[in-house]
Participant: 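Below is the structure I would like to discuss, written out as structure tokens.
Residue numbering restarts at 1 for every chain, and letters A, B, ... go by the order of the sequence lines.
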There are 2 protein chains.
Amino acid sequence: MNTLSYGLLGLLARRESSGYELMLRIQPFWQAKHSQIYPLLAGMEEKHLLSSRWVQQSDKPDKKIYVITELGMQKLREWMYMPIAPSVTKDELSLRTFSLWLSDIGIAFDIYEERRKIYLDKKQYFEGILQGIPKDMCHFGNKEFSNYILASKGLMMAETELKWCDWVLDLLKQHRMQTTSVHKQ
Amino acid sequence: MNTLSYGLLGLLARRESSGYELMLRIQPFWQAKHSQIYPLLAGMEEKHLLSSRWVQQSDKPDKKIYVITELGMQKLREWMYMPIAPSVTKDELSLRTFSLWLSDIGIAFDIYEERRKIYLDKKQYFEGILQGIPKDMCHFGNKEFSNYILASKGLMMAETELKWCDWVLDLLKQHRMQTTSVHKQ
DNA sequence: GCAATCATGTAAGGCGTTACATGATTGT
DNA sequence: ACAATCATGTAACGCCTTACATGATTGC
């Protein structure tokens, strides 16, 4: 069983979901495509960690709802005592930043302004999540506590990323002003 | 050519390196093992993006130094105009946090205190990097500028992660105090 | 009309990890 | 003694992405 499987088990322990819905729920914390999740869920059902039923829908396509079994809950509880792998990040922007000195300042502006928008969207996404969480439910032992602290982390990180982007854009603006004033002299 | 290859090309454009050194240099921004990097570099040499020479060392094992070619520089410059993929993060702690309500508060303390140490190390690592960068070199067009803004981001992110961890640990402490006082009443 | 969302699935191939293999030097 | 660091490489396997396949509904 890999980490993603345990993550899906954890989401299903909170409430039953379709594969499609699980894919959307896990996105903000672990980017996985439907083509990875569907076979994984099928495998977990074969191992009796999950059970499923088809639900007919009139306006939308039929969906397969997965429910966690007692064996699944057992495996999930065991997972909580296992060592946690360090976080892995792969951000092309960091690698691109290494080679910034090769291109002109216009490209640099485009790159960080584009990224700024992404961070702003991210910030607003987590602000929306936090607004939907009733604050009196946010204490340890409650399922809402996890949503609360995860959304708070998402918001804090997005705010920092946004701050960094603005700072970089300021440095670029300062440089552009200095070089144009040199031209005028 | 994948993103990691361009990242390695970008590092080699700044200065020549061995495969081992490249593995260490790219770690903070893109986690890749030597077993992935060595065959990649060999492939890039076959495509004439790099050239290599063996350097003998008396105290340490011999090393193969890679140098970027003019063709490699050309490919790297072209890359700077291509769209940038969004950042991908896989953090087991986030998935573990979903299922926090299943385990007792002692486990929760262990988990976030362990992570706190990692964030503190990360913060100190980037502080060290920043201290080694001469501030007068930190403007656009200079190679040091990239190091400066990347290390600044690393530091800002680590500080935020640390702040978040302390905040979570505080919430856990508050909860523990409330529940023990209930027991006393 | 065209794109997006909802919904599930498979197949091929590329990306990445773990393990194997070797071997000297340095620090605990 | 034992672990860590330096240094390069290969092989097997698992993770993950891209593309293929289908099809209804909703909004622009």
Participant: Near DNA chain D, which residues from residues 12-20 of chain B have a heavy atom under 4.0 Å away?
Facilitator: B/S18, B/G19, B/Y20

Participant: Ring-plane angle category for B/H139 and A/H175, please: parallel below 30°, perpendicular beyond 60°, tilted otherwise.
Facilitator: parallel

Participant: Tell me whether the rings of B/F145 and B/F140 are parallel (<30°), tilted (30 to 60°) or perpendicular (>60°).
Facilitator: perpendicular

Participant: For A/W30 and for B/W54, locate the closest nucleotide of DNA chain D by heavy-atom distance; then report the residue assigned to the nucleotide nearer the 5' terminus.
Facilitator: B/W54

Participant: Please give, in whole Å, the distance from C/dT26 P to B/Q57 CD?
Facilitator: 12 Å

Participant: Is A/Y38 near enough to C/dT8 that one of its side-chain N or O atoms lies under 4.0 angstrom from OP1 or OP2?
Facilitator: yes

Participant: So how far off straight is the helix from C/dG1-D/dC28 to C/dT28-D/dA1, going by the axes through five pairs at either end, to 10°?
Facilitator: 50°

Participant: Please state how far atom CG in B/L24 lies from atom P in D/dA4, giving the value in whole angstrom units.
Facilitator: 16 Å

Participant: Is A/K64 close enough to C/dA7 that one of its side-chain N or O atoms is under 4.0 Å from OP1 or OP2 there?
Facilitator: no

Participant: Given atom CG of A/L22 and atom P of C/dA7, what is their separation to the nearest angstrom?
Facilitator: 12 Å

Participant: To the nearest Å, give me how far apart CD (A/Q56) and P (C/dT8) are.
Facilitator: 14 Å

Participant: Between A/K63 and A/P39, who's closer to the 5' end of DNA chain C by nearest nucleotide?
Facilitator: A/K63

Participant: Using atom CG of B/N2 as one end and atom P of C/dG13 as the other, report the distance to the nearest whole Å.
Facilitator: 17 Å

Participant: D/dC15 P sits how many Å from A/H34 NE2, rounded?
Facilitator: 18 Å

Participant: Would one find a side-chain N or O of B/K60 under 4.0 angstrom from OP1 or OP2 of C/dG23?
Facilitator: no

